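One structure is given here, and the rest of the page talks about it.
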There are 2 protein chains.
Amino acid sequence: MREPLPADMFDELCPSSLNPIRFGDKWAALVIRCLEQGPRRFSELRVPLSRVTPKVLTRSLRSLERDGLVRRTVHVGAAPHVEYELTPLGRSMLQPLAAACAWTAEHWDELLDAREAYDNAAG
Amino acid sequence: MREPLPADMFDELCPSSLNPIRFGDKWAALVIRCLEQGPRRFSELRVPLSRVTPKVLTRSLRSLERDGLVRRTVHVGAAPHVEYELTPLGRSMLQPLAAACAWTAEHWDELLDAREAYDNAAG
DNA sequence: GGGGGTGGTTTCCCCCGGGATACCACCCAA
DNA sequence: TTGGGTGGTATCCCGGGGGAAACCACCCCC
């Protein structure tokens with residue numbers, strides 16, 4: 001059984017807009033990481049991504065779908081719902097994404113220090 | 001002796017804005033690749049990046065400098081000039097950048113096909 | 001038939017990245 | 001003294017990304 005996504009999954013994570021390495025739009029990298037373990041529903045994604053408004057999350061998912069990285073499946077039946085999952089192409093992106101995450105994890109402090117020093121020097 | 005940067009260095013390369021993986025702003029990844037072989041002058045960078053206006057290139061370089069990825073050195077003397085070079089932190093980014101470039105090189109066509117199929121299906 | 005859950009859409013607004021164009025100070029060589 | 005190279009700025013403008021808030025259709029269950 002897949003674990004539900006924890007609400008504080010990205011609390012410690014820097015906002016994407018501060019990271020010089022970006023995959024897709026502002027939230028795409030976090031979406032991809034949410035889908036790493038398997039398919040997720042829209043409302044399921046909204047738990048860790050509570051700071052993302054539904055409009056923006058929809059657009060991000062549509063963009064990933066357009067690029068062939070994510071597949072959107074509508075399950076009809078008694079309790080109809082929608083599931084998003086990574087395609088093989090999307091999975092292939094996990095490798096460079098992991099490389100980027102590793103770099104960020106290793107050098108994030110260094111980068112923030114550089115920014116602070118630059119801002120202090122230049123006012 | 002370092003080779004001068006060829007003017008057509010990025011003619012075959014997809015514009016950064018189409019690539020889902022981005023390092024820094026629109027042109028930062030190309031700037032970093034220009035600095036891979038060693039220090040470069042502003043006017044030297046403008047050769048392969050002829051489509052980038054000086055304002056935008058300056059801002060991109062300033063941003064990289066602020067993040068501690070690039071060092072800007074003013075050489076005073078008889079013929080004063082400015083040189084930009086990668087810092088160790090900037091060099092450390094070459095690895096995830098290479099991973100991202102490899103992914104793009106391998107899957108770019110696939111991604112474009114997915115986009116075309118999506119756009120054709122949805123109008 | 002009312003409430004809750006699902007999966008969004010619509011509208012409005014703001015800001016920032018990016019492009020075009022023009023201009024600029026400094027220095028050197030002719 | 002005039003021109004060219006260097007390394008940029010200044011100004012204007014536009015489009016799109018992103019956020020806030022409200023609303024919505026559909027379905028099931030009580």
Side-chain angles (χ1 to χ4, degrees), chain A residues 4-5 10 14-31 34-35 39-67 70-85 122, chain B residues 4-5 7 10 14-31 34-35 39-67 70-85 115 122:
Chain A
L5 295 172
F10 298 128
C14 50
S16 305
S17 57
L18 295 181
N19 195 320
I21 310 180
R22 282 184 57 168
F23 289 69
D25 60 21
K26 187 173 179 182
W27 304 105
L30 301 189
V31 171
C34 287
L35 298 177
R40 299 287 183 182
R41 297 192 186 180
F42 188 82
S43 50
E44 210 171 351
L45 293 173
R46 293 211 63 198
V47 174
L49 298 171
S50 58
R51 287 172 302 180
V52 188
T53 63
K55 187 194 78 168
V56 174
L57 181 55
T58 298
R59 194 176 44 193
S60 191
L61 286 164
R62 291 285 184 282
S63 170
L64 290 169
E65 192 192 357
R66 177 173 181 258
D67 283 355
V70 160
R71 179 168 30 248
R72 177 178 182 273
T73 311
V74 181
H75 296 267
V76 290
H81 61 277
V82 178
E83 273 187 341
Y84 294 93
E85 62 180 327
Chain B
L5 296 171
F10 298 127
C14 50
S16 304
S17 56
L18 295 181
N19 195 321
I21 311 180
R22 280 183 59 169
F23 289 69
D25 58 21
K26 187 172 178 182
W27 303 104
L30 301 189
V31 170
C34 286
L35 298 177
R40 299 287 184 183
R41 297 192 186 181
F42 187 83
S43 50
E44 210 171 351
L45 294 172
R46 294 211 62 199
V47 174
L49 299 170
S50 59
R51 286 172 302 179
V52 187
T53 64
K55 187 192 78 167
V56 174
L57 181 56
T58 298
R59 193 176 47 195
S60 192
L61 286 164
R62 291 284 185 281
S63 170
L64 290 169
E65 191 191 357
R66 176 172 182 259
D67 283 356
V70 160
R71 179 167 31 247
R72 178 179 182 272
T73 311
V74 181
H75 295 267
V76 290
H81 60 277
V82 178
E83 273 188 339
Y84 294 93
E85 62 180 328
R115 279 187 193 173

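Reminder, nothing fancy here: chain letters follow the sequence lines and each chain counts from 1. Predicted, not measured: the structure shown is a model, and the values here were computed from it.
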Under 4.0 angstrom between S43(A) side-chain N/O and dG7(C) OP1 or OP2: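 True: S43(A) side-chain N/O within range (under 4.0 Å) of dG7(C) OP1/OP2.
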
Phosphate-side-chain proximity, Y84(B) and dG8(D), N/O vs OP1/OP2 below 4.0 Å: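 Yes, such a contact exists.
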
Nearest-angstrom distance from the residue atom [atom1] of [X] to [atom2] of [N]:
X: E44(B); N: dG7(D); atom1: CD; atom2: C1'; result: 13 Å
X: R59(A); N: dT11(C); atom1: CZ; atom2: P; result: 15 Å
X: L57(A); N: dG17(D); atom1: CG; atom2: P; result: 16 Å
X: R51(B); N: dT21(C); atom1: CZ; atom2: P; result: 16 Å
X: L64(B); N: dG17(C); atom1: CG; atom2: P; result: 13 Å
X: E83(A); N: dT6(C); atom1: CD; atom2: P; result: 13 Å
X: L49(A); N: dG8(C); atom1: CG; atom2: C1'; result: 16 Å
X: L61(B); N: dT9(D); atom1: CG; atom2: C1'; result: 15 Å

Measure the [atom1]-[atom2] distance between [X] and [Y] for me, rounded to the nearest 0.5 Å.
X: R71(A); Y: L64(A); atom1: CZ; atom2: CG; result: 13.5 Å
X: H75(A); Y: H81(A); atom1: NE2; atom2: NE2; result: 4.5 Å
X: E83(B); Y: L45(B); atom1: CD; atom2: CG; result: 10.5 Å

So which nucleotide from [options] ends up closest to the side chain of [X]?
X: V82(A); options: dG8(C), dG19(C), dA22(C); answer: dG8(C)
X: T58(A); options: dC27(C), dT9(C), dG18(D); answer: dT9(C)
X: H81(A); options: dT6(C), dA22(D), dG8(D); answer: dT6(C)
X: K26(B); options: dG18(C), dT9(D), dC27(D); answer: dG18(C)
X: V56(B); options: dG8(D), dG18(C), dT9(C); answer: dG18(C)

Closest-nucleotide 5' rank along DNA chain D - winner of V52(A) and A78(A):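 In this pair, the answer is V52(A).
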
Indicate yes or no: at least one non-hydrogen side-chain atom of [X] is less than 4.5 angstrom from one of [Y].
X: F42(A); Y: L61(A); value: yes
X: W27(B); Y: C34(B); value: no
X: D67(A); Y: R115(B); value: yes

Earlier contact from the 5' end, DNA chain C, for P54(B) and P80(B):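 That would be P54(B).
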
Any donor-acceptor N/O pair under 3.5 Å between dG8(C) base and K55(A) side chain: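 Check fails, no donor-acceptor contact within cut-off.
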
Assign [X] to base, sugar-phosphate, or nothing according to its heavy-atom contacts below 4.0 angstrom with the strands shown.
X: R62(B); value: sugar-phosphate
X: R41(B); value: sugar-phosphate
X: A79(B); value: nothing
X: R72(B); value: sugar-phosphate
X: R22(A); value: sugar-phosphate

